[in-house]
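The structure under discussion appears below in the form of structure tokens.
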Amino acid sequence: MMSANRHKASHWGKLALGVLAIYLIFVYLVMPQLDRVKVHRHPDLVTGEHITRTGTGLPGDPLDIAVVGSEADLIRALLAAGWKPADALSFKSSVRIAVDTVFDKPDPNAPVSSLYLFGRKEDLAFEKPVGHSPKERHHVRFWKSADLKDGRPMWLGSATHDIGVELSRTTGQVTHHIAADVDTERDMLLSELTAAKHVTGTSWIDGYQTVLHGKNGGGDPWRTDGRLPVVQLTPLTP
């Protein structure tokens with residue numbers, strides 16, 4: 001009888017592993033290929049350079065802040081405002097954030113998934129934890145633009161508020177979901193940089209985003225007033 005029970009348990013264990021393997025193959029290998037076809041067939045998904053892209057070409061999070069200064073200026077300002085560099089995403093770091101989320105363990109350097117602008121992933125990524133779990137945090141990605149303002153580099157950023165770890169509604173992969181109101185995150189980051197005394201001035205571009213609401217690659221809705229702040233950072237003196 002005991003041998004039969006062990007055989008039955010082994011059978012169900014193998015079945016569960018098989019189902020898990022099929023799921024992983026589908027969401028991490030098959031779905032990305034389907035997404036590439038979807039983007040190719042629907043030109044209305046092309047949104048220009050004001051929206052980031054996922055690795056499979058789907059629309060990502062909107063750009064909502066620009067900063068002017070050197071890389072050292074940007075890093076120094078974010079550190080002074082209490083933000084920490086985010087780890088690069090890998091299989092190991094993805095497992096870690098899942099475990100930390102389950103056990104409600106803080107991780108100030110939890111990884112962020114890559115988004116793409118100008119045909120490349122973010123140049124810099126920073127985050128600020130909320131509470132004790134990595135499932136909720138503030139984070140921002142920056143891409144160095146080819147444009148210069150007053151002879152200084154310009155960085156385009158996408159700041160969002162992660163509010164939970166779930167399965168993506170579009171890919172089935174493990175991902176963070178963001179709060180819809182990206183303007184609140186934009187304004188918070190600007191306020192913190194200013195409070196850290198690393199901002200010399202800010203101008204606003206009205207109507208930068210012509211599309212004021214949408215969904216990112218994880219299926220999360222977002223909305224914005226379309227305004228883009230251009231933040232002049234305090235230059236690092238030699």
Side-chain angles (χ1 to χ4, degrees), residues 47-54 59-89 107-130 137-162 176 178-179 181-211 216 222 224-238:
T47 53
E49 296 291 354
H50 293 184
I51 304 288
T52 63
R53 292 272 170 181
T54 68
D61 301 330
L63 299 175
D64 52 16
I65 190 169
V67 296
V68 178
S70 67
E71 181 174 340
D73 295 335
L74 179 55
I75 294 173
R76 186 172 63 113
L78 285 163
L79 291 176
W83 292 65
K84 304 295 184 184
D87 288 344
L89 187 68
D107 186 351
N109 303 103
V112 296
S113 58
S114 294
L115 290 177
Y116 293 80
L117 188 70
F118 311 131
R120 69 177 191 273
K121 68 178 183 178
E122 65 276 355
D123 298 304
L124 296 171
F126 281 77
E127 65 183 275
K128 176 179 282 191
V130 177
R137 61 183 175 174
H138 307 285
H139 77 254
V140 60
R141 300 174 177 88
F142 282 103
W143 293 261
K144 188 176 182 180
S145 168
D147 296 331
L148 297 176
K149 185 173 178 60
D150 300 327
R152 304 174 72 198
M154 176 178 288
W155 302 75
L156 295 177
S158 176
T160 55
H161 180 193
D162 288 339
H176 276 94
I178 67 168
D181 185 4
V182 296
D183 293 345
T184 295
E185 199 70 4
R186 170 199 71 191
D187 297 343
M188 185 198 78
L189 177 57
L190 176 56
S191 176
E192 291 186 345
L193 292 173
T194 303
K197 302 187 184 305
H198 280 267
V199 174
T200 60
T202 301
S203 57
W204 290 82
I205 300 176
D206 293 330
Y208 176 80
Q209 292 288 357
T210 56
V211 177
N216 66 11
W222 56 263
T224 177
D225 61 12
R227 304 177 71 221
L228 182 80
V230 181
V231 184
Q232 294 276 354
L233 295 178
T234 304
L236 181 64
T237 54

**Report entry** Test side-chain contact (heavy atoms from CB on, under 4.5 Å) applied to R120 and K144, step by step
**Finding:** CA-CA 10 Å; R120 69 177 191 273; K144 188 176 182 180; 3.7 Å; yes
Query raised in the report: Step by step, would you call W155 with E71 a side-chain contact (heavy atoms from CB on, under 4.5 Å)?
Result: CA-CA 9 Å; W155 302 75; E71 181 174 340; 3.7 Å; yes
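Counting only distance, with no hydrogens or angles, the side chain of R76 and the backbone of T234 share a donor-acceptor pair below 3.5 Å. Between the side chain of Q209 and the backbone N or O of L63, at least one donor-acceptor pair lies under 3.5 Å. Side-chain atoms of E127 never come within 3.5 Å of backbone atoms of P85 as a donor-acceptor pair (strictly under, hydrogens ignored). Using modelled atom types, no side-chain atom of T160 and backbone atom of I178 make a donor-acceptor pair closer than 3.5 Å. When atom types are taken as modelled, the side chain of R141 and the backbone of D123 share no donor-acceptor pair closer than 3.5 angstrom. Checked by atom type and distance alone, the side chain of T194 pairs as donor or acceptor with a backbone atom of L190 at under 3.5 Å. Between the side chain of K128 and the backbone N or O of A81 there is at least one donor-acceptor pair closer than 3.5 Å. The backbone N or O of R137 sits nowhere less than 3.5 Å from a side-chain atom of D162 that would complete a donor-acceptor pair.
Using a 4.5 Å cut-off on side-chain heavy atoms (C-beta onward), L189 and V231 make no contact. Side chains of T202 and V230 form no contact here, defined as non-hydrogen atoms less than 4.5 Å apart. For the pair L74 and F142, the minimum side-chain heavy-atom distance is below 4.5 Å. Side-chain contact between E122 and Y116 is absent, with no heavy atoms from C-beta onward closer than 4.5 Å. Taking the side chain as every heavy atom from C-beta outward, V130 and H161 approach each other to under 4.5 Å. You'll find the side chain of D61 stays beyond 4.5 Å of the side chain of V182, heavy atoms only.
Summarising the geometry, atom CD1 belonging to I65 is positioned 10.5 Å from atom CG belonging to L156; distances are rounded to the nearest 0.5 Å. Atom-to-atom distance recorded for H138:NE2 and F126:CZ is 16.0 Å, nearest 0.5 angstrom. Taking OG1 of T52 as the reference point, atom CZ of F118 lies at 11.0 Å (rounded to 0.5 Å). Atoms OG and NZ, from S203 and K149 in turn, are 5.0 Å apart once rounded to the nearest 0.5 Å.
The side-chain contact (heavy atoms from CB on, under 4.5 Å) test with M154 is passed by exactly one of V67, V68, L148: V68.
Between Y208 and H50, the ring center distance clears the sub-6.0 Å criterion.
Under the side chain to side chain donor-acceptor pair (under 3.5 Å) criterion, S70 pairs with D73, sequence neighbours left out. Residues passing the side chain to side chain donor-acceptor pair (under 3.5 Å) test with D181, sequence neighbours excluded: T184.
Closest approach of A80 to H198, counting heavy atoms only: CB-NE2, 3.4 Å. Taking each heavy atom of I51 and L117 in turn, the nearest pair found is O-CD1, 4.1 Å. In this structure, M188 and W83 approach most closely via the heavy-atom pair CE-CZ2, 3.7 Å. Closest non-hydrogen pair, S158 versus D64, comes out as CA-OD1, 3.5 Å. The shortest non-hydrogen separation linking R186 to D225 is NH1-OD1, 2.9 Å. In terms of heavy atoms, W222 sits closest to G60 at NE1-O, 4.0 Å.
With no hydrogens or angles considered, a side-chain donor-acceptor pair links D183 and T224 at under 3.5 Å.
A salt bridge is defined here as a Lys NZ or Arg NE, NH1 or NH2 lying under 4.0 Å from an Asp or Glu carboxylate O, and D206 with R227 meets this definition.
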